[in-house]
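Reading through the structure tokens given below for one structure.
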Amino acid sequence: MPPFFERKKMSEKKKYILSLLALAVFLSFLAVAIFFSSLKAAIPKNNSIEWPKNVIYFVLLDRFHDGNTLNNYKVDTKNPEAYQGGDIAGLIQKIPYLKELGITAIWLSPVLDNRDLEFFGKYAYHGYWPKNPMSLELEEHFGTWQELTSLAKELKKNDIHLILDIIVNHVGYDSHLVKEKAHWFDQKRNLHGLPCFDHTNKEVRDLLINASLMWIRQLKPAGFRLDAVKHVSKSFWEEYNQKIRDEKSDFFLLAEVCDGNTNTCIEYSKLEFTSIIDYPLYHVALRVMSGKTAEELGDLFFQDRYYSHDARFLGTFLDNHDVDRFLTAMKGDIERFKLGISFLFSIRGIPILYYGTEVGMQGEGDPDNRKMMEFGKNREIREYVKKCIQTRLSSSALTSGIQVHLWQSPCIYAFARVFEDQIAFVVLNNGDASQQVQIPLEALDSFLVNAKYKDTTSLHEATIEGTKLALDIPAKRCLIFLTPSVSGKYAKLFEKCVERTKNPKMVETIFEVTMPTHEAKEVYVIGGSPVLGQWNTQKAAGPMTLVKDNIYQMKFLLPQGSIVKYKYIEKKVNWEGGSDRYIQIPWEKSLKIQDQWRE
């Protein structure tokens with residue numbers, strides 16, 4: 001072959017190889033970009049509103065503000081079980097108040113027409129005893145469609161999202177539908193005596209879904225809070241959620257799963273709700289803020305990885321219309337109240353503020369937790385809540401950051417919120433005495449440099465030296481330290497934290513317990529982790545191996561950085577004494593736990 005043609009052939013071959021290399025590099029960058037984009041968003045499918053960047057305010061309409069006395073039928077302000085006069089007109093008048101507080105979304109209690117007469121001394125002022133959830137007829141105490149439309153427009157004008165409370169499970173006591181459409185109801189089921197629909201009936205399903213679609217088409221809300229989700233079949237919710245998404249793909253669906261068991265809420269997260277109201281967190285937070293061991297938080301937050309949707313979309317709260325008001329739960333202790341408020345606005349999730357919590361209203365259960373809103377009360381508390389909201393909404397780390405566990409003890413809980421441009425360090429002390437602490441930062445690898453930071457109140461200082469965050473933290477305080485926001489500075493760390501949450505490295509962990517006698521025993525380990533049986537005695541791990549005298553061992557592979565809550569149990573019947581045990585699995589090296597059986 002002549003040299004010219006040989007050179008030409010080699011040149012074409014070289015170009016071909018170079019083009020393949022260029023294509024490979026491009027595809028690699030594209031894959032990384034797509035992957036990183038998915039990490040950055042981590043948002044339930046088709047949701048255009050970044051809900052973790054919002055603060056939801058729950059308005060129990062009758063108890064908020066009376067703006068139109070012409071609809072005050074049978075209002076009796078001396079009877080806490082009667083209507084008090086709050087209405088749509090009153091809510092419109094108070095939009096500037098909510099805007100100034102920093103609220104970006106309103107969850108509005110049901111506005112459907114409810115039963116007219118009292119039932120065993122109680123009126124349906126709360127809105128949860130509807131005559132017909134399949135209609136769009138409004139409760140006459142609350143106002144007109146014209147007023148409701150005006151509310152939607154005014155909220156939109158003020159950049160506040162509207163979330164309607166939707167009931168698909170039941171009707172009010174003695175609703176006319178029970179007699180007229182008896183075949184619509186499940187005769188074997190009721191909710192506190194309320195007649196419940198039969199959701200296996202296609203006619204019922206279609207009418208309920210169509211009513212929700214009509215709300216969307218006529219009022220254009222941003223989302224629904226869905227009542228009594230656990231009492232309705234999962235097959236109904238699968239169909240309901242799909243048809244709502246078909247109508248409006250970015251529609252917000254906030255599910256009330258009233259259950260303190262994390263596993264139950266995780267199960268419902270598989271049904272493609274945008275958000276689940278975080279009752280497990282509520283119960284743990286109540287105990288921790290009142291002074292019980294802060295170690296419960298680490299165990300709870302570790303379960304976040306098992307949700308089908310991003311845990312940053314969980315609806316977090318400290319009180320609502322079904323439980324004691326938070327200040328009452330804290331026995332009037334303002335410092336513990338503030339501790340909880342700071343905590344609520346620093347953790348992952350979408351914070352939900354119950355009307356009146358921002359002014360320190362108190363009340364022990366229904367109806368005391370549903371008193372008329374006390375505007376102007378406790379201005380100092382209101383300013384504190386407002387400051388916490390402002391701090392959250394102005395920080396990308398606090399709204400969008402991945403939550404990373406750092407350290408815990410009976411009184412201290414420390415975590416970081418990591419985003420691409422900023423890190424927030426949060427340290428909580430629920431004890432009655434101040435503490436000097438050094439928080440290990442191994443979870444954040446080598447992405448930090450020695451520095452000093454002021455907290456968000458500018459009253460306290462923390463120092464990063466090597467792999468420790470050192471600070472003095474006062475009693476009953478939650479301190480937040482924010483790094484300066486620098487575009488992309490922590491992008492690699494954010495990416496690593498997300499990947500570590502999804503696919504944690506497994507660490508060899510040996511559990512060892514010394515029994516009180518040399519008599520042969522059948523010993524198991526039980527705990528919240530799936531490998532430890534999730535507190536189900538029939539699924540407890542074991543039996544452990546007798547390795548020497550009265551010492552028993554068992555080896556596990558557990559996720560790095562995880563918090564394991566556990567105890568020992570003999571023959572799956574005889575539990576050891578004392579409180580639950582907690583241990584943090586290291587980020588890299590193996591771990592051997594050595595315990596003594598507690599009688």
Side-chain angles (χ1 to χ4, degrees), residues 47-68 71 85-112 126-127 136-139 141-167 211-227 244 247-254 256 274-275 277 313 315 317 320-321 345 350-359 373 375 382 385-386 389-390 392-393 399:
N47 212 295
S48 61
I49 297 173
E50 295 181 86
W51 282 97
K53 293 183 178 180
N54 284 270
V55 175
I56 299 173
Y57 189 90
F58 174 25
V59 174
L60 193 59
L61 188 57
D62 177 66
R63 303 304 164 97
F64 196 59
H65 183 59
D66 187 353
N68 181 5
N71 57 31
D87 49 31
I88 296 167
L91 179 53
I92 293 172
Q93 292 169 16
K94 290 298 181 179
I95 288 176
Y97 168 86
L98 297 171
K99 181 78 172 177
E100 197 264 340
L101 184 61
I103 300 305
T104 62
I106 285 177
W107 154 17
L108 182 61
S109 60
V111 293
L112 279 177
H126 42 69
L136 271 62
E137 186 177 349
L138 299 188
E139 170 56 48
H141 288 89
F142 298 153
T144 64
W145 257 98
Q146 183 178 355
E147 288 172 315
L148 188 59
T149 303
S150 296
L151 171 66
K153 288 179 180 177
E154 287 302 311
L155 289 173
K156 188 172 184 179
K157 192 186 301 182
N158 284 275
D159 297 317
I160 298 175
H161 305 299
L162 174 60
I163 301 168
L164 296 178
D165 206 321
I166 298 295
I167 300 164
S212 290
L213 293 174
M214 288 304 295
W215 279 113
I216 295 172
R217 292 164 189 165
Q218 295 201 26
L219 203 60
K220 295 180 172 54
F224 293 154
R225 178 265 189 186
L226 300 165
D227 184 61
I244 296 298
E247 178 74 17
K248 197 170 189 298
S249 61
D250 65 347
F251 202 73
F252 183 66
L253 294 172
L254 174 63
E256 184 219 23
T274 318
S275 176
I277 296 179
F313 279 75
F317 71 100
N320 62 29
H321 59 318
F345 289 103
I350 308 167
I352 302 173
L353 192 67
Y354 185 38
Y355 86 96
T357 297
E358 78 274 19
V359 294
M373 174 64 183
F375 293 100
R382 182 181 176 280
V385 174
K386 178 182 173 182
I389 293 173
Q390 290 174 339
R392 180 182 179 88
L393 295 181
T399 55

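Hydrogens, waters and symmetry mates are skipped; everything else that's a heavy atom, side chains included, is used. Nothing fancy with the numbering, it's 1 onward along the sequence.
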query = Between E100 and L98, is there a donor-acceptor pair closer than 3.5 Å when you use the side chain of the first and the backbone of the second?
reply = no
query = Among I56, V385, N320, which residue meets the side-chain contact (heavy atoms from CB on, under 4.5 Å) test with L353?
reply = V385
ask   = Going through the distances and angles, do M373 and V59 end up as a side chain to side chain contact (heavy atoms under 4.5 Å, CB included)?
value = CA-CA 10 Å; M373 174 64 183; V59 174; over 6 Å; no
ask   = Do other residues, nucleotides or ligands put more than 12 heavy atoms under 6.0 Å from the NZ atom of K99?
value = yes
request  = Flag this pair as yes if the NZ/CZ of K94 is under 6.0 angstrom from the six-membered ring centre of F64 and inside a 45 degree cone about the axis; otherwise no.
outcome  = no
inquiry  = Looking at every heavy atom in both A105 and W51, which two are closest together, and how far apart are they?
reply    = CB-CZ3, 3.9 Å
ask   = Are Q218 and W145 side-chain neighbours, meaning at least one heavy-atom pair lies under 4.5 Å?
value = yes
message = Consider ring-ring contact (aromatic ring centres under 6.0 Å, His included). Of Y57, F375, Y355, which one does Y97 pass it with?
response = F375
From I92, L108, I160, residue fulfilling side-chain contact (heavy atoms from CB on, under 4.5 Å) relative to L155 = I160
query = Within the distance-only criterion (no hydrogens, no angle test), does the side chain of T104 pair as donor or acceptor with the backbone N or O of V55 below 3.5 angstrom?
reply = yes
message = I'd like to know if E358 pairs up with K386 as an ion pair, taking the criterion as any Lys NZ or Arg NE/NH1/NH2 lying under 4.0 Å from an Asp or Glu carboxylate oxygen.
response = no
Contact summary for L101 and I389, nearest pair of heavy atoms = O-CD1, 3.6 Å
inquiry  = Can you give me the closest heavy-atom contact between H141 and D87, atom names plus distance?
reply    = O-CB, 3.7 Å
note = Note: L136 and M214 closest approach over all heavy atoms is CD2-CB, 3.9 Å
request  = State whether the side chain of D227 and the backbone N or O of I166 hold a donor-acceptor pair below 3.5 Å, judged by distance alone.
outcome  = no
ask   = Rounded to the nearest 0.5 Å, how far apart are CD1 of I167 and CG of L112?
value = 6.5 Å
task = Specify the closest pair of heavy atoms between S212 and F224, including all atoms of both residues, with the distance to one decimal.
result = O-CZ, 3.5 Å
inquiry  = On a heavy-atom basis, which atom in F142 and which in G86 lie closest, and how many Å separate them?
reply    = CD2-O, 3.8 Å
